[in-house]
S.K.: 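Submitted below is the structure of interest, expressed as structure tokens.
By convention here, the first residue in the shown sequence is residue 1.
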Amino acid sequence: MDVAVVGAGSWGTTLSNLLASGGHRVRIWAREADVVESINREHVNEIFLPGSKLIDTIIAYDDVAEAVKGAEMVVSATPSHAVREISATVFASLNGALPVIVSVTKGIETDTHKLMTEVIAETMPGLRTVALSGPSFAQEVFERRPTAVVAAGLDVSAAELAQSVFSTGYFRVYTSRDPYGVQLGGALKNVIAIAAGMLDGLGLGHNARAALITRGVAEMTRLGVAQGCNPMTLSGLAGMGDTILTALGALRVELPIAQEVGNVLFEGKELRQAVTDLMERELKPEHWE
């Protein structure tokens with residue numbers, strides 16, 4: 001199958017490699033010219049997936065129209081804030097073609113509070129859309145470690161097509177008729193994961209973390225049900241599963257501010273001393289390298 005992946009971040013690149021390993025003809029679009037050059041010349045995305053050798057049949061483009069030309073499936077892998085703009089550009093480039101759209105972006109549009117498939121439905125009317133989500137760190141998928149996710153769509157045949165195209169011996173895809181629940185789980189789990197990281201910074205232990213994750217999923221489920229979602233969806237891979245992965249993936253993350261807040265609240269540390277200790281920490285770059 002001819003598949004176009006729109007977005008060459010770590011996840012889009014990883015899924016391109018997965019699809020190519022399954023024998024599909026894969027074209028990937030990247031906004032960054034150096035990413036396109038790196039993939040085409042060295043078969044590596046040195047910016048977003050450094051050191052990971054890609055299958056050499058993947059072709060990268062900096063022109064969306066060229067990337068999606070003739071595609072039977074288009075994978076939307078751009079950041080959530082860019083989905084509306086890029087999807088409109090993709091739709092204008094299809095020239096009447098009707099590929100299945102698979103959204104792999106997790107998040108909610110800031111201004112409209114719409115889910116990604118809702119944004120795509122507005123910008124790419126008439127196309128069948130599937131949301132692919134679940135507990136899936138890109139690096140582990142690239143390394144072919146066992147992973148299970150969900151392909152959800154109101155059109156069952158489209159979800160089953162995505163299931164067939166993406167499934168491999170290490171990447172198991174289930175189907176669902178609840179794309180909204182699947183996407184809510186993928187977005188809301190980040191709130192619970194941040195809270196889990198704060199608990200870890202405070203040193204509150206495994207008991208508190210387990211309670212937080214469990215009750216956090218209960219909150220997600222209540223909101224999902226209020227939005228018309230199937231409560232079982234939030235207990236599945238895209239809800240509970242993704243929450244556990246992201247929350248536990250927050251372990252061993254340096255959280256000096258949260259740590260000092262805990263010191264003040266629970267250890268009797270003087271506030272001014274906590275501020276002084278924060279200001280006198282080892283000097284570092286502002287952004288992670």
Side-chain angles (χ1 to χ4, degrees), residues 5 7 9-19 21-22 48-49 52 75-80 102-108 115-117 130-153 159 162-200 206 209-224 229-253:
V5 178
S10 60
W11 191 219
T13 303
T14 294
L15 290 178
S16 294
N17 200 67
L18 179 148
L19 292 165
S21 73
F48 297 109
L49 205 67
S52 300
V75 180
S76 175
T78 57
S80 58
V102 179
S103 173
V104 300
T105 300
K106 296 177 182 179
I108 299 173
L115 299 170
M116 296 300 100
T117 57
V130 177
L132 185 76
S133 188
S136 48
F137 283 156
Q139 187 61 46
E140 292 192 9
V141 174
F142 187 87
E143 294 170 357
R144 303 193 175 197
R145 300 187 184 188
T147 302
V149 299
V150 182
Q163 178 185 47
S164 175
V165 169
F166 279 88
S167 290
T168 71
Y170 61 92
F171 195 78
R172 183 173 178 83
V173 183
Y174 291 86
T175 58
S176 168
R177 298 185 180 184
D178 186 15
Y180 304 112
V182 165
Q183 291 173 98
L184 273 178
L188 297 177
K189 54 90 179 178
N190 289 319
V191 178
I192 310 305
I194 291 170
M198 294 172 70
L199 288 188
D200 189 59
H206 298 291
R209 188 183 304 117
L212 172 75
I213 293 173
T214 304
R215 297 311 305 162
V217 172
E219 288 188 12
M220 291 164 53
T221 302
R222 286 199 296 272
L223 178 58
C229 303
N230 185 335
M232 295 300 294
T233 301
L234 283 306
S235 299
L237 289 166
M240 174 71 81
D242 209 0
T243 302
I244 291 173
L245 175 73
T246 309
L248 297 184
L251 299 180
R252 295 180 296 280
V253 174

S.K.: Is the closest side-chain heavy-atom distance between Leu115 and Ile108 below 4.5 Å?
M.R.: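 Contact flag for Leu115/Ile108 side chains = yes.
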S.K.: Taking salt bridge (Lys or Arg N to Asp or Glu O under 4.0 Å) as the definition, give me every residue that meets it alongside Glu143, ordered by chain and number, with sequence neighbours left out.
M.R.: Arg145
S.K.: Specify the closest pair of heavy atoms between Val182 and Ala152, including all atoms of both residues, with the distance to one decimal.
M.R.: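 What the structure gives for the nearest pair is CG2-CB, 3.7 Å.
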S.K.: How would you list, by chain and number, every residue that makes a side chain to side chain donor-acceptor pair (under 3.5 Å) with Ser136, sequence neighbours excluded?
M.R.: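 Per chain and number, Ser136 pairs via side chain to side chain donor-acceptor pair (under 3.5 Å) with no residue.
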S.K.: Could you report the tightest heavy-atom contact between Ala138 and Ser10, atom names first, then the distance?
M.R.: CB-O, 3.9 Å
S.K.: Of the non-hydrogen atoms in Cys229 and Leu184, which two are nearest, and what is the gap between them?
M.R.: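 That would be SG-CD1, 3.8 Å.
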S.K.: For the backbone of Thr233 and the side chain of Asp178, can you confirm whether one donor and one acceptor N or O come within less than 3.5 Å of each other?
M.R.: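 Looks like no, no N/O pair under 3.5 Å.
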S.K.: Does Val217 reach the side chain of Ile192, with side-chain heavy atoms less than 4.5 Å apart?
M.R.: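 Counting from C-beta outward, Val217 and Ile192 never come under 4.5 Å.
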S.K.: Suppose we screen for side chain to side chain donor-acceptor pair (under 3.5 Å). Which residues come up paired with Thr14, at least two apart in sequence or across chains?
M.R.: none
S.K.: For the atom pair CD1 (Ile213) and CE (Met240), what is the distance rounded to the nearest 0.5 Å?
M.R.: 8.5 Å
S.K.: Measure the spacing between NZ of Lys189 and CG of Leu245 and express it to the nearest 0.5 Å.
M.R.: 7.5 Å
S.K.: Show the nearest heavy-atom pair for residues Ser80 and Gly107, with the distance to one decimal.
M.R.: CB-CA, 4.3 Å
S.K.: Among residues at least two apart in sequence or on other chains, which ones pass side-chain contact (heavy atoms from CB on, under 4.5 Å) with Arg222?
M.R.: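 side-chain contact (heavy atoms from CB on, under 4.5 Å) check on Arg222 returns Arg215, Ala218, Glu219.
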S.K.: Is the CZ atom of Phe171 crowded by more than 12 outside heavy atoms at less than 6.0 Å?
M.R.: yes
S.K.: For Leu19, what residues pass the side-chain contact (heavy atoms from CB on, under 4.5 Å) criterion, not counting sequence neighbours?
M.R.: Val3, Val5, His24, Val26, Val75, Val165, Phe166
S.K.: Is there a side-chain contact between Val141 and Trp11, using heavy atoms and a 4.5 Å cut-off?
M.R.: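 In contact.
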S.K.: What's the spacing between Leu18 CG and Ser167 OG if we round to 0.5 Å?
M.R.: 9.0 Å
S.K.: Looking only at heavy atoms, what is the nearest atom pair of Ala77 and Gly7, with distance?
M.R.: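 In terms of heavy atoms, the two residues are closest at CB-O, 3.9 Å.
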S.K.: Nearest 0.5 Å, please: how far is NE2 in His206 from CG in Leu199?
M.R.: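 The CG atom of Leu199 sits 12.0 Å away from the NE2 atom of His206.
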S.K.: Under the side chain to side chain donor-acceptor pair (under 3.5 Å) rule, collect the residues that match up with Asn17, sequence neighbours excluded.
M.R.: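 With sequence neighbours excluded, Asn17 shows a side chain to side chain donor-acceptor pair (under 3.5 Å) to no residue whatsoever.
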S.K.: Using the test side-chain contact (heavy atoms from CB on, under 4.5 Å), find all partners of Tyr174 that sit at least two apart in sequence or belong to another chain.
M.R.: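 Checked Tyr174 against side-chain contact (heavy atoms from CB on, under 4.5 Å); matches are Ala148, Arg172, Leu237.
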S.K.: For residues 190-199, which residue pairs pass the side chain to side chain donor-acceptor pair (under 3.5 Å) check, not counting sequence neighbours?
M.R.: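 Listed by first then second residue: nothing to list.
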S.K.: Do you know the tightest heavy-atom contact between Ser176 and Val150?
M.R.: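 Smallest interatomic distance, heavy atoms only, reads CB-CG1, 3.5 Å.
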S.K.: Which pairs with one or both residues in residues 231-240 pass salt bridge (charged side-chain N to carboxylate O under 4.0 Å, His left out), sequence neighbours excluded?
M.R.: none
S.K.: Quick one: salt bridge (charged side-chain N to carboxylate O under 4.0 Å, His left out) pairs with a partner in residues 240-249, sequence neighbours left out?
M.R.: Lys106-Asp242
S.K.: Only counting residues at least two apart or in another chain, list the ones meeting side chain to side chain donor-acceptor pair (under 3.5 Å) with Thr117.
M.R.: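 Listed in chain order: Gln183.
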S.K.: For Thr214, check side-chain contact (heavy atoms from CB on, under 4.5 Å) against everything at least two apart and list the hits.
M.R.: none
